[in-house]
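Here the structure is laid out as structure tokens; the discussion comes afterwards.
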Amino acid sequence: MAVTCSFDFLEFAFPNPEPPSWHAQVERWYQMDSASYGLCELWTKMPDQVAPSLIFLASPSGCNEMDQQFIKSGAASPSKFVYTLPSTRSSALLQLMNWQGPLFCVQNDPSTIVSALGEAAALVEGQQTIWIVGSQHTDQNLAFRICLGNAGSLALQPSKAETTDVVTDVQLLNWLKKPSSSLNLNTGWILQTSGGLA
Amino acid sequence: MIGITSYGSSTSAGQGVEALWKGVSTGQNFLKSFPTESWPVALNFAPKVCSWPGERPSSAQDRLLFHLMVSWREAKARVDLSADRVGVILASTKGLIEDYIWTSQSLATDLMTPLLKAFCQHAEIDAVKMMVVSNACTSSLSAIWLAEKWLEAGAVDSVVVAAAEEVGPFVLQGFHCLHALTASVAKPFSKERDGLQLGEAAAVMIFSKRESDVVVSGVAVDVEGHAVTRSAPSGNSLKRAIDALNLDEPDLILAHGTGTQLNDEIEDQIFFAEYGTRPAITGSKWSIGHTLGASGAVDVILACETIRRQTAFRLGNTEAVDPKFRSRYLTRNSDVAVEPSRVLISSLGFGGIHAVTMVEKGAS
């Protein structure tokens with residue numbers, strides 16, 4: 001059965017010298033890594049989504065950026081060290097959302113988000129809503145959220161048509177930003193605009 | 001419910017589950033102190049602080065892969081996967097961090113997936129599904145949650161959960177600056193507890209829907225938005241995870257039991273509130289150390305062994321329990337005449353993440 005979904009994203013500046021609007025709610029916000037910061041910014045600017053029953057935190061490139069920062073800053077900052085763990089990335093977002101529940105930090109480069117999307121599509125059922133959140137750092141910092149199981153302009157259609165091509169996160173995010181026709185994720189799902197549903 | 005078909009391990013107690021069981025059940029502490037006075041280290045510093053038995057000057061990938069393969073061979077010897085569609089999940093927190101962090105090169109990939117792929121290649125597993133789960137210290141139990149979903153959905157016939165963690169300067173310094181390490185030995189649930197000891201481990205578990213003499217009857221993960229690192233002192237997230245299992249009481253608990261003040265307080269509070277003094281509580285980290293993302297896998301294996309052997313093991317470094325605590329602990333001098341048929345394993349991690357798994361006697 002097809003799964004409807006929506007995609008939100010935010011390009012953000014980091015580091016930002018100005019305190020964010022949510023700074024009072026997150027202790028030591030200035031020591032966050034860019035992914036955590038971006039997820040909070042995205043949530044603050046686009047909070048109107050159905051609360052999820054489960055969250056996948058997709059971490060393309062893991063926490064490589066913060067690993068380097070921890071070392072370069074003298075490897076003495078506990079706050080920097082804890083942000084070298086993906087699960088810590090979700091903490092500030094969950095504080096802003098006032099949410100608790102099952103959350104899974106997953107990686108499968110170069111298709112981390114693609115894999116998380118496949119997992120979420122297979123799990124979503126009934127009235128459940130599953131989110132995939134994360135961030136990507138290429139030319140710009142981009143935080144994203146894919147919401148499955150509630151209304152949206154996109155749909156995941158089960159498919160047995162697979163190719164040998166690996167669909168990367170970069171390809172997926174480019175498609176999500178400008179959806180056109182369909183994208184075979186090679187995880188048993190084809191992503192398409194809702195209008196294209198059979 | 002999923003069957004635990006087979007498993008293997010390599011820890012500081014030695015290669016194989018028998019060495020692990022023998023070490024923990026006879027009260028041996030295999031940990032040595034990790035030197036931290038040499039920080040900051042120079043680039044290309046070769047870590048020499050590993051607790052793996054023997055010295056092996058090699059890369060982190062070589063070391064982790066070696067111990068994963070030791071575990072895999074032990075697990076694989078008891079099961080035939082040749083006709084199965086197999087999924088593989090790697091549970092780890094920092095994976096190959098020590099291989100690249102001391103060089104100036106930037107890494108274009110995460111630190112776990114290369115290890116997962118190398119493991120599949122060496123183990124000759126043509127995986128139909130692969131994933132890395134990095135839920136801090138709950139990574140192994142979280143991986144079991146995903147394994148259960150894959151099996152329930154019929155996406156695979158068997159799931160190999162591989163967990164591996166090593167302690168190099170990066171991880172060591174991280175915990176050092178958190179002031180989480182004890183200067184002596186970890187004494188979980190003791191009044192004298194003052195921190196944890198790190199350890200290294202690899203473990204492989206194979207799950208399927210086939211009948212087995214030990215099964216996972218439930219697994220639950222819960223994350224709270226309380227604070228960036230520490231769990232809420234109320235322990236509500238751990239309670240929610242236990243309640244989500246919705247299962248009969250365990251007769252033994254393998255607690256996370258790190259030996260830090262907050263961890264042990266939360267566990268005592270919630271276990272007592274949930275079960276009173278009925279289940280006995282023990283743990284393994286005092287013996288083989290806190291093996292971070294691999295610790296849940298090691299404890300699931302030990303839980304299986306307690307059920308199969310119909311006995312338990314003690315908290316070997318703990319002579320007297322913190323008088324504030326109300327649960328029932330298997331301390332150094334306790335009678336271990338427990339005949340477990342249902343064992344609860346708990347894991348608590350940074351980011352306020354909590355996971356529990358129930359392992360019990362199966363039908364076969």
Side-chain angles (χ1 to χ4, degrees), chain A residues 25-29 31-32 36 54-57 59-65 67-68 70-71 74-112 115-116 118-119 122-123 187-188, chain B residues 39-41 90 93-95 97 100-102 106-114 116 129-139 142-143 145-146 149-150 153 155 169-170 173-180 220-229 236-237 240-241 244 349-353:
Chain A
Q25 294 170 262
V26 177
E27 60 183 8
R28 297 183 182 176
W29 62 271
Q31 288 180 313
M32 296 170 77
S36 317
L54 187 155
I55 296 176
F56 283 102
L57 175 65
S59 295
S61 302
C63 295
N64 296 354
E65 177 196 354
D67 293 341
Q68 295 282 4
F70 174 62
I71 296 301
S77 164
S79 300
K80 285 200 181 341
F81 176 67
V82 295
Y83 277 108
T84 69
L85 298 168
S87 57
T88 302
R89 282 184 164 169
S90 65
S91 186
L93 171 66
L94 302 192
Q95 288 175 60
L96 295 185
M97 290 171 64
N98 194 24
W99 184 89
Q100 59 212 18
L103 179 143
F104 297 87
C105 305
V106 294
Q107 298 170 24
N108 197 10
D109 281 356
S111 307
T112 289
S115 300
E119 293 304 324
L123 285 169
T187 55
Chain B
W39 197 268
V41 295
L90 176 69
T93 59
K94 293 311 296 176
I97 182 74
Y100 97 101
I101 194 68
W102 310 110
S106 61
L107 197 66
T109 178
D110 69 85
L111 294 168
M112 322 296 190
T113 305
L116 171 59
K129 283 174 81 73
M130 284 197 295
M131 187 65 94
V132 172
V133 175
S134 188
N135 267 18
C137 301
T138 72
S139 295
S142 300
W145 181 93
L146 188 59
K149 299 300 175 197
W150 286 2
F170 184 95
Q173 179 59 17
F175 277 86
H176 183 62
C177 70
L178 285 170
H179 303 290
V221 179
D222 191 275
V223 186
E224 62 187 357
H226 170 71
V228 171
T229 53
N236 280 342
S237 182
R240 278 195 302 274
F350 285 134
I353 192 161

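Numbered from 1 within each chain, the chains take letters A, B, ... in sequence-line order. Here the structure is a predicted model, which is why all the values come from computation and not from measurement.
Comparing B:Leu116, B:Leu111, B:Leu178, B:Thr109 by heavy-atom pairs within less than 4.5 Å of chain A, the highest count is held by B:Thr109. The residue among B:Cys177, B:Ser139, B:Gly351 with the most heavy atom pairs within less than 4.5 Å of chain A is B:Cys177. If you tally non-hydrogen atom pairs under 4.5 Å between each of A:Leu94, A:Asp109, A:Leu93, A:Val82 and chain B, the highest count goes to A:Asp109. Among the candidates A:Gly62, A:Ser61, A:Pro60, the residue making the largest number of heavy-atom pairs closer than 4.5 Å to chain B is A:Ser61. For the set B:Arg240, B:Lys129, B:Met130, the count of heavy-atom pairs under 4.5 angstrom toward chain A peaks at B:Arg240. The candidate with the highest count of non-hydrogen atom pairs below 4.5 Å against chain B, out of A:Gly118, A:Pro110, A:Pro86, is A:Pro86.
Rounded to the nearest 0.5 angstrom, A:Ile71 CD1 and B:Gln173 CD are separated by 8.0 Å. A distance of 12.0 Å separates CG in A:Leu103 from CD in B:Glu224, rounded to the nearest 0.5 Å. Atom CZ of A:Phe104 sits about 11.0 Å away from atom CE of B:Met131, to the nearest 0.5 Å. Here the OH atom belonging to A:Tyr83 is positioned 12.5 Å from the CZ atom belonging to B:Phe350, to the nearest 0.5 angstrom.
Residue B:Ser237 does not touch chain A at all, counting heavy-atom pairs closer than 4.5 Å. For chain B, the nearby part of A:Leu54 is the side chain; its heavy atoms alone come within less than 4.5 Å. The contact between B:Ile353 and chain A is made entirely by side chain atoms (from C-beta outward), counting heavy-atom distances below 4.5 Å. For B:His226, the part lying near chain A is the backbone, with the side chain staying farther off; criterion is any non-hydrogen pair under 4.5 Å. Neither the backbone nor the side chain of B:Leu90 has a heavy atom closer than 4.5 Å to any heavy atom of chain A. With a 4.5 angstrom heavy-atom cutoff, B:Ala153 does not touch chain A via any of its atoms.
Side-chain contact of A:Glu119 with B:Trp150: a donor-acceptor pair under 3.5 Å is present, judged by distance alone.
Side chain of B:Asn135 to backbone of A:Cys105: a donor-acceptor contact under 3.5 angstrom is found. Judged purely by atom type and a 3.5 angstrom limit, A:Gln100 has no side-chain atom pairing as donor or acceptor with the backbone of B:Val223.
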Run the side chain to side chain contact (heavy atoms under 4.5 Å, CB included) test on A:Asp67 and B:Phe170 for me, step by step, so that the C-alpha distance in whole Å, both residues' side-chain angles and the decisive distance to 0.1 Å come before the verdict. CA-CA 9 Å; A:Asp67 293 341; B:Phe170 184 95; 3.7 Å; yes

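Using a 4.5 Å heavy-atom cutoff, the side chains of B:Tyr100 and A:Gln68 are in contact. Two residues are said to be in side-chain contact when any heavy atoms from C-beta on lie closer than 4.5 Å; A:Asn108 and B:Val132 fail this criterion. For the pair A:Leu85 and B:Thr93, the minimum side-chain heavy-atom distance is below 4.5 Å. The closest side-chain heavy-atom distance from A:Thr84 to B:Lys94 is below 4.5 Å.
For the pair A:Gln95 and B:Gly225, the tightest heavy-atom approach, listed with the atom from each and the gap, is CG-O, 3.3 Å.
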